[in-house]
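Just below is one structure, and these are the notes that go with it.
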Amino acid sequence: MEASDKPHASGKVPAGDTTQRVGVEAIEARGVDVEQLVEKLIDAAGAEFTTYYYYTILRMYLAGEEDYKEICEDARLEDRAHFELITPRIYELGGTIPYDIRTFADRAGCPDAYLPGTQDGSKAHVRDEIVADATPAAILEVLLEAERCAIRTWSEVCDLTFGKDPRTYDMAARILNEEVEHEAWFIDLLSKERDGVVRPSGHFRRGEPGDAPYSKNRGFYNP
Ligand SMILES: [Fe+2]
Ligand SMILES: [Fe+2]
């Protein structure tokens, strides 16, 4: 190839080299610790994935509370969308999610969202058993704290990437938008259910379950 006078035609990464990524070099040059960022993204993706799992159980136990159930379902499906959105970014940055799902679950950056009354999930499950402590208020508390952990997580990713890594920042900010909404939903519901106090979230309903208005890459990652 002929030498070019175009300023971005070449850089540190030699032409044709597939062992290095300009997409990584460019953000490192702007001050991102890519190694650290990838580790945090894996922890964050693990939390989204495990939350998706636990919210499945929590939603089931909201039986008869159809309004709570529907909102829990939106939060559940949106966490799956968050996992789908951020996981490809881990690979773009040269990382990989763990080969063993147990490793992935253990390193999730947020606590397990266990069903109340199950002794942190260790209780043996019995068919048709009533889990007495799994009241709507107790379940809503678990959901609320899971959303709060997610807000802290994605805010940190925004801090680490702001002004340096626009792509990761954009994804984290889109996820954060939904996590903030999720917290507001569960404050709205828990405050009324547990304390009889109205603290509106401004929420009515998503268009479709798990709409993920900010985080879903329609037609790309979430068929
Ligand atoms: Fe999430
Ligand atoms: Fe969430």
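Order of appearance sets the numbers: ligands from 1, and atoms from 1 within every ligand. Predicted model only: the values in this text are computed from it and were never measured.
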- Task: Indicate the ring-plane relationship of His203 and Trp185, choosing parallel, tilted or perpendicular according to the 30° and 60° boundaries.
- Result: tilted
- What N, O or S atom of Glu48 is found closest to the Fe ion (ligand 1)?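 Closest to the Fe ion (ligand 1) among those atoms: OE1.
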- Query: In terms of side-chain geometry, is the basic nitrogen of Arg205 or Glu70 positioned less than 4.0 Å from the acidic oxygen of its partner?
  - Reply: yes
- Task: Give a yes or no on whether a salt bridge exists between Asp188 and Arg199, defined as a side-chain N under 4.0 angstrom from a carboxylate O.
- Result: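 Here Asp188 does not pair with Arg199 in a salt bridge, since their nearest N and O are not under 4.0 Å apart.
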- Message: Donor-acceptor pair, distance only, cut-off 3.5 Å: does the side chain of Arg30 make one with the backbone of Glu25?
- Response: no
- Item | Evaluation steps, side chain to side chain donor-acceptor pair (under 3.5 Å), between Thr168 and Arg89 | CA-CA 7 Å; Thr168 307; Arg89 185 67 183 140; 2.8 Å; yes
- Any chance you could lay out the side chain to side chain donor-acceptor pair (under 3.5 Å) test for Gln119 and Tyr114, step after step, and finish with the verdict? CA-CA 8 Å; Gln119 286 110 49; Tyr114 293 123; over 6 Å; no
- Spell out the protein N/O/S atoms under 2.8 Å from the Fe ion (ligand 2) as residue plus atom name. Glu147 OE1, Glu179 OE1, His182 ND1
